[in-house]
Structures are given as structure tokens and as C-alpha cells.
Amino acid sequence: MVTVRAPATSANLGSGFDVFGVALDRPADVVRVEKANKTTIDVTGAGSQYIPEDPEKNTVGAVAQALDAPARIEIDKGVRPASGLGSSAASAAAAAVALNVLYDCGLTRKELVPIAAKGEAVVSGDAHADNVAPAILGGFTIATDDGITQIDADISFVTCLPDIVVSTRSARQVVPKRTSISKVVDTVGKAATITAGMTRNDPELVGRGMHDTIVTPARAELIEGYDTVRKAALQAGATGVTISGAGPAIIAVCYDHAQRAIANAMLDSFAEFGVESRAYQTHIGDGAQIF
Ligand code: HSE
């Protein structure tokens, strides 16, 4: 039996839609695999009642199939589905790393990224790698068509997850099909600023780059209270705030000492809208770990 813990992740960071991702040190999924003649899946933990156990419909089933590695798979969810915190990616990444060891496939961590991304396609319709790359490799990742770049970075965040469900599929439907060249220019500049901030471990630069005028405004409509929560986090000391992945979680970048105040401000702001929420004071962390 092999057991692997894979972390929550936050994709996009505003200006890096479908490209940027960070591994967060909490929460996480734990996946246990054992050789079997055919794949079976048991899911427990946060939001497990919404996750299909049929291998044809489960992100992890697609990973087992891609590796030709049938197994009895137990998933203990720490990352709630439809959260914007890379729930399916955490399970897919953990399964890819675990099955690679169980069946001695000999693939490198980078080679496992496109395998785990096949699991993402089951959930969202697209095999994008911006969540699975950091879930497997850790740190800050840049996923493009020609490969993955990984940077170890040390940055603090607060994520706040409201008790609202936004499916990745519906959040992708509202993404504009066209935009203006001025918004593209602005986004390229902001994305470059985030990358510079990550290499310097500078929350001011990361925060300045997290603003996005193309995708985030359309998605913010799906999250009750988004503008108020964002402003409250900025007032409490966040250096930048945006939607985490496809939402509804909101991610704030900050200096370590401001985490608690930001978490409380975000929780209180959601409460003003009658929305319960949960905050995680977290940092950029490691990728999937084998126990
Ligand atoms: N980049 C993806 C999106 C992440 O924003 O739709 C969600 O899986």
C-alpha cells in the first residue's frame, strides 16, 4: 500500500489565468492505493457525498487508467470540491504520485503532471495543468503548452472559502471569448510582476500583479459579497486579493504578521451577507508527499 498527501492549490492568481498556480500548505487530500485487478474508489471527508466513486466519472479513475495501474483507491478529502482550491487536482496529483510508486512506473514528477491533468478533464472538460503542476511539484508553477516552470517561493496567503458552490464548468462558461489589446497588455505586465515577486519572495510585487481585468470581473458576479470581502482584506493589510482558481474561494497575499487580521476581516465580511465561510492562514508549500 502507498499513501500520498497532496496539497490544495490556487490557480490563476488573477493575471495568470490557466497558467499560474501555487501549492498551499493546507488543506490537503490523502490518497491510499493498493494493487487490484480492477480500479475501485472510496471517498470520505470534506464534500465526499458530491464526488462520484465510479472510476469512469472520478478524476482519480482517469489517472489510474492513463497509467494502466488498476488499484483499490481510498481518497480522504481535505479539500472540498467546487471550492477553487484545486480539490480534484489534489486527488489526481496524489493518485498519480502514489500509483507511479505502487507500479514502479519510473515517471518523473514533471512527467506525472500531464497524467494528473487528464483527471482534471473529467471534472472541468479541459486538461489544464495549472492546479496539478503545483500539487505535484510544489512552489509556484507556470504551466504553458511547452512545459512547466517551477519556482520555490516563500509567500504567505489567506484563503477564505465561503459556503457557496461554484463548479469549474460554470465558472469557465462566463470567461469572455474576446478582449481588447489594452487589457492583454495590462495582463502581461501584471503576470510578469507576479513572477518577479515570486523570485524575490516579495508580497508587494505579487499583490500588485494579482489584479486582472479580463476573467476575474466576470467570475466575481458568481461570488456573493466578493467586492466587499476583497476591500476588507485589503484594508486589513493584504497586498493583493483575487479569486482563487475558478472560485468561490478568495485568496489574499500578505506579510506573515497580517494573516490573522485578514482572515477575520474576510470571515466577517462574508457574514455580513449571511454567508458562512472558513479561512486558512497558509503559505506556499511542498508538492505531493509520499508517507
Ligand atoms: N484555471 C482554471 C480556471 C482553474 O480558472 O478555470 C480551475 O480548475
Side-chain angles (χ1 to χ4, degrees), residues 6-24 27-29 47 50-51 57-60 62-63 77 79-96 113-137 140-145 147-150 157 159 161-162 164-177 179 183 187 190-191 194-195 209-223 226 230 240-251 287:
T9 50
S10 181
N12 305 335
L13 300 178
S15 56
F17 178 66
D18 275 0
V19 174
F20 290 163
V22 283
L24 302 169
D29 281 8
Y50 303 113
I51 301 175
K57 296 182 183 147
N58 187 296
T59 179
V60 162
V63 174
K77 297 292 301 171
V79 191
R80 193 202 84 183
S83 60
L85 294 171
S87 175
S88 56
S91 297
V113 170
I115 305 272
K118 289 190 181 177
E120 284 288 69
V122 174
V123 175
S124 72
D126 275 325
H128 48 266
D130 53 351
N131 283 108
V132 288
I136 290 177
L137 302 171
F140 167 64
T141 55
I142 304 169
T144 59
D145 285 348
I148 309 288
T149 305
Q150 192 269 1
F157 293 102
T159 56
L161 176 59
I164 298 170
V165 171
V166 175
S167 78
T168 302
R169 258 179 220 274
S170 55
R172 291 185 83 77
Q173 277 163 6
V174 303
V175 174
K177 301 278 179 290
T179 190
K183 286 186 180 177
T187 303
K190 295 284 195 308
I194 289 187
T195 305
M210 267 168 46
H211 191 61
D212 152 61
T213 53
I214 301 175
V215 178
T216 308
R219 286 182 162 181
E221 305 284 321
L222 305 176
I223 305 169
Y226 174 78
R230 179 172 181 275
V241 182
T242 192
I243 297 172
S244 177
I250 299 179
I251 184 164

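Just so you know, ligand 1 is whichever comes first in the structure, and atom 1 is the first atom listed for that ligand.
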For ligand 1, which part of [X] has a heavy atom less than 4.0 Å away: the side chain, the backbone, both, or neither?
X	result
Val175	neither
Arg169	neither
Asp18	both

Report task. Using a strict cut-off of 4.0 Å, indicate which atoms of ligand 1 neighbour a heavy atom of Asn12. Result ->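 By the 4.0 Å cutoff, the relevant atoms are 1 (N), 3 (C), 5 (O).
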Requested in this report: May I ask you to list the atoms of ligand 1 that are less than 4.0 angstrom from any heavy atom of Asp130?
Outcome: 1 (N), 2 (C), 4 (C)
Taking all atoms of both residues into account, what is the closest heavy-atom pair of [X] and [Y], and its distance?
X	Y	result
Ile148	Leu137	CG2-CD1, 3.7 Å
His211	Ser15	O-CB, 4.1 Å
Lys118	Ala62	O-CB, 4.0 Å
Glu120	Val132	CG-CG1, 4.0 Å
Ser83	Leu85	OG-N, 3.1 Å

Query raised in the report: Okay, side chain of Ser244, backbone of Gly247: is any donor-acceptor separation there less than 3.5 Å?
Result: no
[atom] [closest protein heavy-atom partner, distance rounded to 0.1 Å]:
atom	value
atom 4 (C) of ligand 1	Asn131 OD1, 3.6 Å
atom 3 (C) of ligand 1	Arg172 NH1, 3.2 Å
atom 8 (O) of ligand 1	His128 NE2, 3.0 Å

